[in-house]
Amino acid sequence: MLGFLIQRLLQAVVVMMVISALVFIGVFAVGNPIDVLISPDVTQQIRLDTIAAYGFDKPLWEQYLAFLERLVHGNFGRSFVFNMPVLQLILSRLPATLELTIAAVAGATLIGIPLGMYAGYRPDSPITKAIMGITILGFSVPTFWIGLVLIMTFAVWLGWLPAGGRGDTVMVLGIEWSFLTLNGLSHLFLPALNLSLFKLAMMIRLARAGTREVMLTDTIKFARASGQSDGTILRRHVLRQISIPIVTVFGLEFGSTLAFAVVTETIFSWPGLGKLIIDSIQSLDRPVMVAYLMLIAFLFIIINFLVDIAYAALDPRLRARRS
Amino acid sequence: MIDSAAPIARFWFEFRQSQIACVALLIIVLIAALALLSPWIAPQNPYDLATLVLMDARRPPGHVGAGGYVYWLGTDAQGRDLLSAILYGLRISVQIGLAAGAVAFVVGATLGTTAAFLGGRVEMLIMRFIDLQLSFPAILLALVLSALLGQGKVQIIIALVTAQYAYFARTAHGAASAERAKEYVEAALSTPLPSHKVIFRHILPNCLPPLIVVATVQVANSIALEATLSFLGLGLPVTEPSLGTLIANGFQYMLSGRYWISIYPGVALIVLIVAINLVGDQIRDQLNPRLRR
Amino acid sequence: MTARLLEVRHLATHFFTRAGVVKAVDDVSFDLEVGEVIGLVGESGSGKSMTGYSLLGLIDPPGRIVQGSIKLKGQELVGLPQEALRKLRGRRIAMVFQDPMTTLNPVLTIADQIHLAINAHERVSTATARQRAVDVLTRVGLPDADRRLDAYPHEFSGGMRQRVAIAIALLHRPDVIIADEPTTALDVSIQAQILAEMKSLVRDLGMALIWISHDLAVVSAMASRILVMYGGRIVESGPTASVLRDPRHHYTRGLLNSLPSRAAPGQPLTQISGLPPSLGALPPGCAFHPRCPRADAICLTAPETTGHERRDWRCHHPLTAVSA
């Protein structure tokens, strides 16, 4: 197990190096960064000073090394727009995004797995056909469009729920949370629903495919032959076996949900990372873009790592092989 | 009785068994025709600012405009006839979806088959990179790229291709590796044919079925992704409105109840994407050997 | 007169697939007495496993029991509601499957799987369940059961896993155990051990056993009576010794002739020519006629079950008894 951990850790370092190089080239080396740093009508002297200060006159590889060194020290520079350290800015926005993402993924999982298991258990029932129809819509209809329809329906026509913002928050552990107040929850509901529909469709399909496969195995036949009810079989035998692929996808999808939060946050004016990145893209606030990309990459690697560990915990066969 | 027929005829015979897929295909053909013919059938040229009547801006569906013209689907903030704008928007969305899909197909398939053919370190390096890219959501990549490249058709196609070629590459690599191991390829390689000819004449044609499945899905994804980027203000400029741009323009008016500016372009977009996905599903089922009876 | 333990009459289980009706079980009748061991023999695809599933009420759509009756101690099982059938399964009739590698759930511990099987019929405390698990595992010859309860199936050998499966079948002391080729997937030495243990368990606990197998040699070592199945029907039945000595159906004789123990050393084994038919496309009349050396025009009509004393067969041209 220790060898496995070390191996994965080394892999993670290599991946982070590759990503940092790509981000560096993509964001700093394409175009002339100095043009966005200072206004065009400053004196030549100020221009040269700034170039020297940021090291743009040095060869590219030296700039990259300096960039890496700053990254390692957690120094992502200052946001041009907000005029504050980028790390601080990003960390202040992270909780809102995490709250939204977790609510969306958790909701998709809690609703999607039972629906998918039902669809796999009763493949020919009309309810299953309806569920599968919903998944086609969930896969096809772009997230932003669903968001519009949700706002249209629940905020504009019915007036039941607010169209945007975070609502009242409560400070717990030094972080603001929406889900702890009723008002905050009402603000969280629509964006979380919006963000979760694609994942819901995916969870349903996964759970259905897994259930169909497991239901045909001798394990299930034997459990039925011993008199166990279908409910017990689904809850104890099938759920446990399909949870292994689902955990993998859950982890990977958590990452992509973080990315899709960009769209949902823009529509619902949710003050999280996604809204921040869109704003900084539009104002060409490059340090924020870099920090966001590196943070997402870092989160991805951590998630992949956790998925591997969960995998081993769920599958006793794998656990045995690794130890 | 169909066993003796050509593969394409047989494929078509099986395809016709699914009513849903046939209806979807019909819709795609219809939309493609509308998109292609939009300059001739649209009642108004939405790019021609001179024809726009600002007085008629944000009118609901069915409104009779100043010139006695009926706006069946209403007008947008600039007084543009939405029906015409949607027809032109469909044209742009279809163009971009097809162009991005085609380029990503060529780039990805070439990269994947080449990697499978060359093997060794090159293969490992290429595939590692592609796996790494695939572990990141395509939307992020497209987002950053279109931010860096700026607005415009070519720019967005580049962004979409970069975000999506990896799916083709991995599929092509998988199929080509399996094909590479077969004896007829060894036989072809032992002749003095140049190796690129072996790739293009022998390996690639046999990788086509899975690539076609990926292609249908990716064209639908390209259209959705383009619409998403345009909605976020990173895709196409307002002067060249795609469906996503139209929806974005209408968003601010939606809260005051002027739903049609966003909703109708959205309906057109969704019908198109759902239809492509339904056809894609059917093709996938037909080409999947595990589901064959 | 007390009712028989199990009385199966004219049982027919058909599957209604898109390709046509598959007659997996067709007009099957037999009896089972308390404590009796019978063998159900046939090639794969002859409908013997489906007969077992029909007894348990485990036939899923598109299949269903289309006619016949199954009486367990006089109680009719055909047509019982699902929940009533579930309560019978594992408690009154239990089943053991062929491949122990796939019957146990790979991600649950042995203890968990036994608890689930106990809880299917009675509510007991975890401690009681555990004690019952230890008892029953010890009974089937698994040493050190207490320590091994928390292991996962993959930590066990094939023979040990099959013992666990048998233990689960024994949990509620059922009246009937259906064993569907439980030794086929095991090594020959383990196979002999399990056979011996099953035999003594049945004797000690007074249970009846239906032993399903394609292997006539195994069945003849276990069963006091043999039923030979072909194409979804029972083509011959009778006391083991009598059937082995005097086969009346040509298929039974073919099976016997292909047994290695019956062939003279150095001589090639006799085979039955042709392949067993698919249950979805059975030949008309006697399903065996395309492979039968004695077949003629009359074999295109289905033969009725005939026989005398305890021997039955379905054949227009039965073999004559060698030593009647």
Side-chain angles (χ1 to χ4, degrees), chain A residues 113 117-129 206-207 210-248 309-323, chain C residues 49 52-53 55-62 82-109 112-122 150-155 161 164-165 167-172 174 177-178 180 185:
Chain A
I113 290 179
M117 285 178 72
Y118 178 83
Y121 169 63
R122 290 264 177 266
D124 295 320
S125 100
I127 300 175
T128 296
K129 300 231 160 81
L206 266 177
T211 304
R212 279 180 87 165
E213 209 167 290
V214 173
M215 283 305 284
L216 294 176
T217 59
D218 283 356
T219 305
I220 300 309
K221 234 175 185 155
F222 184 62
R224 289 178 68 193
S226 73
Q228 295 173 42
S229 65
D230 287 3
T232 308
I233 286 171
L234 285 173
R235 266 183 287 113
R236 299 297 306 272
H237 291 278
V238 178
L239 182 59
R240 197 53 215 282
Q241 291 202 55
I242 63 171
S243 61
I244 296 166
I246 285 180
V247 163
T248 321
I309 291 174
Y311 219 109
L314 282 170
D315 193 337
R317 289 161 294 186
L318 212 63
R319 199 158 57 213
R321 220 172 301 148
R322 286 219 178 112
S323 58
Chain C
S49 294
Y53 293 144
L55 297 181
L56 282 167
L58 275 184
I59 300 294
D60 290 323
Q82 277 303 316
E83 179 59 15
L85 282 171
R86 182 192 72 71
K87 284 185 174 154
L88 286 173
R89 288 198 284 267
R91 200 167 56 85
R92 310 267 317 264
I93 307 180
M95 191 154 175
V96 180
F97 291 80
Q98 175 172 354
D99 188 356
M101 303 302 207
T102 58
T103 45
L104 297 177
N105 190 330
V107 296
L108 295 179
T109 63
D112 281 343
Q113 303 194 43
I114 296 181
H115 290 187
L116 283 171
I118 294 176
N119 283 337
H121 300 294
E122 23 187 325
D150 297 309
Y152 288 92
H154 69 88
E155 299 170 54
R161 280 187 231 188
V164 173
I168 290 176
L170 290 176
L171 273 175
H172 300 280
I177 291 188
I178 303 164
D180 189 358

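Below, read A as the first sequence line, B as the second, and so on, with proteins coming before strands; counting in each chain starts at 1.
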Asks: Are the side chains of A:Met215 and C:Asp60 in contact, using a 4.5 Å heavy-atom criterion?
Replies: no
Asks: How far does CD of A:Gln228 sit from CG of C:Asn119, to the nearest 0.5 angstrom?
Replies: 8.5 Å
Asks: Any sub-3.5 Å donor-acceptor pair from A:Arg240's side-chain atoms to C:Leu108's backbone N or O?
Replies: no
Asks: I need the minimum non-hydrogen distance between C:Phe97 and A:Ala225, along with the two atoms involved.
Replies: CE1-CB, 4.0 Å
Asks: Which region of A:Ser229, side chain (C-beta onward) or backbone (N, CA, C, O), has a non-hydrogen atom less than 4.5 Å from a non-hydrogen atom of chain C, or is it both or neither?
Replies: both
Asks: Looking at side-chain heavy atoms only, is the closest gap between A:Ser226 and C:His121 below 4.5 Å?
Replies: no
Asks: Go through C:Leu56, C:Ile178, C:Leu116 and name the one with the most non-hydrogen pairs under 4.5 angstrom from chain A.
Replies: C:Leu116
Asks: Tell me, side chain or backbone of C:Leu104 under 4.5 Å from chain A's heavy atoms, or both, or neither?
Replies: both
Asks: Under the salt bridge (charged side-chain N to carboxylate O under 4.0 Å, His left out) rule, collect the residues that match up with C:Arg92, sequence neighbours excluded.
Replies: C:Asp175
Asks: Counting only heavy atoms closer than 4.5 Å, note whether C:Leu88 contacts chain A via side chain, backbone, both or neither.
Replies: neither
Asks: So, do A:Arg236 and C:Asn105 sit near enough that their side-chain heavy atoms are less than 4.5 Å apart?
Replies: no
Asks: Need one label for C:Ile168: side chain, backbone, both or neither, based on atoms under 4.5 Å from any heavy atom in chain A.
Replies: side chain
Asks: Would you say C:Val107 and A:Ile244 make side-chain contact, with heavy atoms under 4.5 Å?
Replies: yes
Asks: Check for a donor-acceptor pair, side chain of A:Thr219 on one end and backbone N or O of C:Thr102 on the other, with a separation under 3.5 Å.
Replies: yes
Asks: What residues form a side-chain hydrogen bond (donor to acceptor under 3.5 Å, both in side chains) with A:Tyr121, not counting sequence neighbours?
Replies: A:Asp230
Asks: Side chain, backbone, both or neither: which part of C:Arg91 has a heavy atom under 4.5 Å from chain A?
Replies: neither
Asks: What are the two closest heavy atoms between A:Phe222 and C:Met95, and how far apart are they?
Replies: CE1-O, 3.4 Å
